[in-house]
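The structure appears below as structure tokens.
Just so we're clear, the structure is a prediction, and the values are computed from it rather than from any experiment. So that the names make sense, note that chain A is the first sequence line, chain B the second, and so on, each numbered from 1.
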2 protein chains.
Amino acid sequence: MKAGVANVILGALRQGPKSGYDIKQLVDNATRFFWAASYGQLYPELRRLVADGQIEGTSRPRGGRQRTEYRLTPTGRDALRTWLREPAAGWEVRDEGLLKLFFAGALEGDDALGVVRAFRADREGVLRQLRDVQRREAKEAEGFPGLALEYGIGLHEWIVGWCLEIEERLSRQLEVAAR
Amino acid sequence: MKAGVANVILGALRQGPKSGYDIKQLVDNATRFFWAASYGQLYPELRRLVADGQIEGTSRPRGGRQRTEYRLTPTGRDALRTWLREPAAGWEVRDEGLLKLFFAGALEGDDALGVVRAFRADREGVLRQLRDVQRREAKEAEGFPGLALEYGIGLHEWIVGWCLEIEERLSRQLEVAAR
DNA sequence: GAGACCATGTAATGTGTTACATGATTTT
DNA sequence: AAAATCATGTAACACATTACATGGTCTC
């Protein structure tokens, strides 16, 4: 899971030169759902990649506003392609909603049901966000970025559906128990 | 996303008293897929929870082997139930496989297809692990822990299915392009 | 002229993993 | 008798977020 930010930068720059700010926008818009990055990571890593010869920075002021635009060097392009061909290092999830679901047995029937409902509500929120992105970026998000977006939407649709099923199952059990 | 380990400990102890080692086993067996915890977090947090009156530790040697068994105090039980009723703080994913998928356009057709295939292979691996857990813990994993497991299995089945579809779609595109 | 946005950066803080250290017991 | 498992703990390190600091420009 090491050197993650570097790959985000390299990948972002492939679609054309960008400032640190631009990269942050891309991250917040798209990759944040599976790979977040803060300025505190981005800017130092940009310098490191320049020092390492993987990217080059040019001063490109916009109006009177200073701005450094970065682009890939051939070395950087190779590094990106090499990384893409390597097996993925890993996968980490930290999901408080699921943790609550796991322990929901500590609550009584209807409160436990509430945990599932809250979990679903959260995922419906994410689903809405993803659909907003899809609407906004209909043009830009073609090819693989669009595929990743489709993945996220489909995944969250599945999750919401699963929750609804479980909620029904639990409701029926509660009814039976109440008799 | 703060104080996460505390809730894992509280939840784990609800099903009966446990040593730090026991809790680590539970984490590695079950919650690790959505909430991991290392000894470096667990042991200090156990002390903190004792100091805070949420759990109590008793020396219960097993043979000549020292062992401290922890159990919930009423305070701890309340804290667990309160936490369960609160809205979930969040949700974080760091998925290198998806990041590669997102940038796979930097590779040529069949290499890009390889990224999807590698992604699927990884998820098939996780699916196998989850099914192993299900087989091993058929008895213990009833109720909500079992539900969380079902969720994980269903989710990964969906993912594998999605990958197969995409692989076909890309294959067809490659064939057309080759003509 | 106020507020949003573009733009860059760092320091403090928080969080979590890895490696190391130690030692008993049980299984093969 | 070796290897695996039970059991507890800490120190060093890696990684990431948050808050802060600064200042220009664009839009209402």
5' to 3', nucleotides 18-24 of chain D under a 4.0 Å protein heavy-atom cut-off (B base, S sugar-phosphate only, - none) gives B-----B
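Listed pair A:Arg60 / C:dA7 fails the phosphate criterion, with no side-chain N or O lying under 4.0 Å from OP1 or OP2. Checking the phosphate oxygens (OP1, OP2) of D:dT17, a side-chain nitrogen or oxygen of A:Gln41 falls inside 4.0 Å.
Across the protein-nucleic acid pair, A:Leu42 atom CG and D:dC15 atom P stand 16 Å apart, rounded to whole Å.
Residues passing the side-chain contact (heavy atoms from CB on, under 4.5 Å) test with B:Asp78: none are found, sequence neighbours excluded. Every residue meeting the side-chain contact (heavy atoms from CB on, under 4.5 Å) condition with B:Glu45, not counting sequence neighbours, appears here in chain and number order: B:Val5, B:Ala6, B:Ile9, B:Arg48, B:Leu49. Under the side-chain hydrogen bond (donor to acceptor under 3.5 Å, both in side chains) criterion, B:Arg14 pairs with no residue, sequence neighbours left out. Not counting sequence neighbours, the partners of B:Thr58 by the side-chain hydrogen bond (donor to acceptor under 3.5 Å, both in side chains) test are B:Arg71. Legend: residues meeting side-chain hydrogen bond (donor to acceptor under 3.5 Å, both in side chains) with A:Asp22, ordered by chain and number and at least two apart, are A:Ser19, A:Arg67. Taking the side-chain hydrogen bond (donor to acceptor under 3.5 Å, both in side chains) definition, one finds that B:Lys18 meets it with nothing, sequence neighbours left out. Under the rule for a ring-ring contact (aromatic ring centres under 6.0 Å, His included), the partners of A:Tyr39 that lie at least two apart in sequence or sit in another chain are A:Tyr43.
Each of B:Ala36 and A:Tyr70 has a nearest nucleotide on DNA chain C; the 5'-most of these lies closest to A:Tyr70. Both A:Arg67 and A:Pro44 sit near DNA chain C, but only A:Arg67 has its closest nucleotide nearer the 5' end.
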Give every donor-acceptor pair under 3.5 Å between a side-chain atom in residues 108-121 of chain A and any protein atom, sequence neighbours left out.
unit_1	atom_1	unit_2	atom_2	d
A:Glu108	OE1	B:Arg81	NH2	3.1
A:Glu108	OE2	B:Arg81	NH1	3.2
A:Asp111	OD2	B:Arg85	NH1	2.2
A:Arg120	NE	A:Glu167	OE1	3.4
A:Arg120	NE	A:Glu167	OE2	2.6
A:Arg120	NH1	A:Glu124	OE2	3.0
A:Arg120	NH2	A:Glu167	OE1	2.8

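With axes fitted over five pairs at each extremity, the angle between the ends of the helix from C:dG1-D:dC28 to C:dT28-D:dA1 is 40° (10° resolution).
Sorted by first and then second residue, the ring-ring contact (aromatic ring centres under 6.0 Å, His included) pairs with a member in residues 93-117 of chain B read A:Phe34-B:Phe102; sequence neighbours excluded.
Within residues 8-22 of chain A, the residues having any heavy atom closer than 4.0 Å to DNA chain C are, in order of number, A:Ser19, A:Gly20, A:Tyr21, A:Asp22.
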